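First the structure, in the form of structure tokens, and then the observations on it.
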Amino acid sequence: MAAPQRKRKSGKLQNFDSELWIADKNGCAGTRVASMENLLAAKHLMRGLQTNEIVELLGKPDAEELYDRSQKYYIYFMEPGPKCETPKEKPRALYVRFSAVGLANEFVIQPF
């Protein structure tokens, strides 16, 4: 008997434009801020996704932080980050925390 197929939650999020988000690398263009509410409204759909599925939705992270017990954070700047031509002081960023087994379990927006 075959193992049951796990239904994937990745793909498209309603009212969220992944292409527009990914195109605004480091938040330099300022278009990610407009997506913030829709993204936070859909965070329950992203919990439990693997790192590669988050990268598919949000693109490669602008920064990464390693944390205790093999956990890590992917950081996506909502406002112009430090690598932008005119960076904002303490830009807001989306922090996606992954468990030790690589599953997204927390989504928080806070200053970088």
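These numbers come from a predicted model, not from an experiment. Just so it is clear, the values below take in all heavy atoms, side chains as well, and ignore hydrogens, waters and symmetry mates. For this chain, numbers begin at 1 and follow the sequence in order.
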- Task: Give, for atom CD of Gln71 and atom CZ of Phe98, the distance between the pair rounded to the nearest 0.5 Å.
- Result: 11.5 Å
- Message: Between Leu45 and Leu39, is there shared hydrophobic-cluster membership here, with clusters defined by ILVMFWY side-chain heavy atoms closer than 4.5 Å?
- Response: yes
- Message: As an exercise, state the distance from CG of Leu103 to OG of Ser99, rounded to the nearest 0.5 Å.
- Response: 4.5 Å
- Provide the closest heavy-atom pair for Cys84 versus Gly27 in the form atom of the first, atom of the second, distance. SG-C, 4.3 Å
- Note on the structure: Residue set satisfying ring pair (Phe, Tyr, Trp, His ring centres under 6.0 Å) with Phe107, at least two apart, ordered chain then number -> none
- Is the CD atom of Glu37 crowded by more than 12 outside heavy atoms at less than 6.0 Å? no
- Apply the test side-chain contact (heavy atoms from CB on, under 4.5 Å) to residues Tyr73 and Glu64: give CA-CA distance (whole Å), side-chain angles for both, the deciding distance (0.1 Å), then the verdict. CA-CA 6 Å; Tyr73 283 92; Glu64 284 186 54; over 6 Å; no
- Query: Once you round to the nearest 0.5 Å, how far does CE of Met78 lie from OG of Ser35?
  - Reply: 7.0 Å
- Task: Write out all pairs satisfying side chain to side chain donor-acceptor pair (under 3.5 Å) with one or both partners inside residues 75-88, taking only residues at least two apart or from two chains.
- Result: Glu79-Lys88, Glu79-Arg92
- Salt bridge flag under 4.0 Å for residues Arg32 and Asp17: no
- Hey, what do you get for CG (Asp62) to CG (Leu94), rounding to the nearest 0.5 Å? 9.5 Å
- With sequence neighbours excluded, what pairs up with Asn38 under the side-chain contact (heavy atoms from CB on, under 4.5 Å) test? Asn15
- Set of residues satisfying side-chain contact (heavy atoms from CB on, under 4.5 Å) with respect to Pro87, sequence neighbours excluded: none
- Quick one: list whatever passes side-chain contact (heavy atoms from CB on, under 4.5 Å) with Lys60, sequence neighbours left out. Lys25, Val55
- Task: Heavy atoms only: give me the nearest Pro91-Gly81 pair and the separation to one decimal.
- Result: CG-CA, 4.0 Å
- Mind telling me whether Phe16 and Trp21 have parallel, tilted or perpendicular rings, with 30° and 60° as the class edges? tilted
- Item | Linked, directly or transitively: Leu57 and Ile75 (ILVMFWY side chains, under 4.5 Å) | no
- Message: Going by the rule side-chain contact (heavy atoms from CB on, under 4.5 Å), which residues pair with Leu40 if we only count those two or more places apart in sequence or in a different chain?
- Response: Met36, Lys43, Ile109
- Using the salt bridge (charged side-chain N to carboxylate O under 4.0 Å, His left out) rule, pick out the option among Arg97, Arg47, Lys72 that qualifies with Glu106. Arg97
- Message: With side chain to side chain donor-acceptor pair (under 3.5 Å) as the criterion, how do Asp24 and Thr31 come out once you've worked through the C-alpha distance, each side chain's angles and the decisive distance to 0.1 Å?
- Response: CA-CA 6 Å; Asp24 189 10; Thr31 57; 3.0 Å; yes
- Less than 6.0 Å separating the ring centroids of Phe77 and Phe112? yes
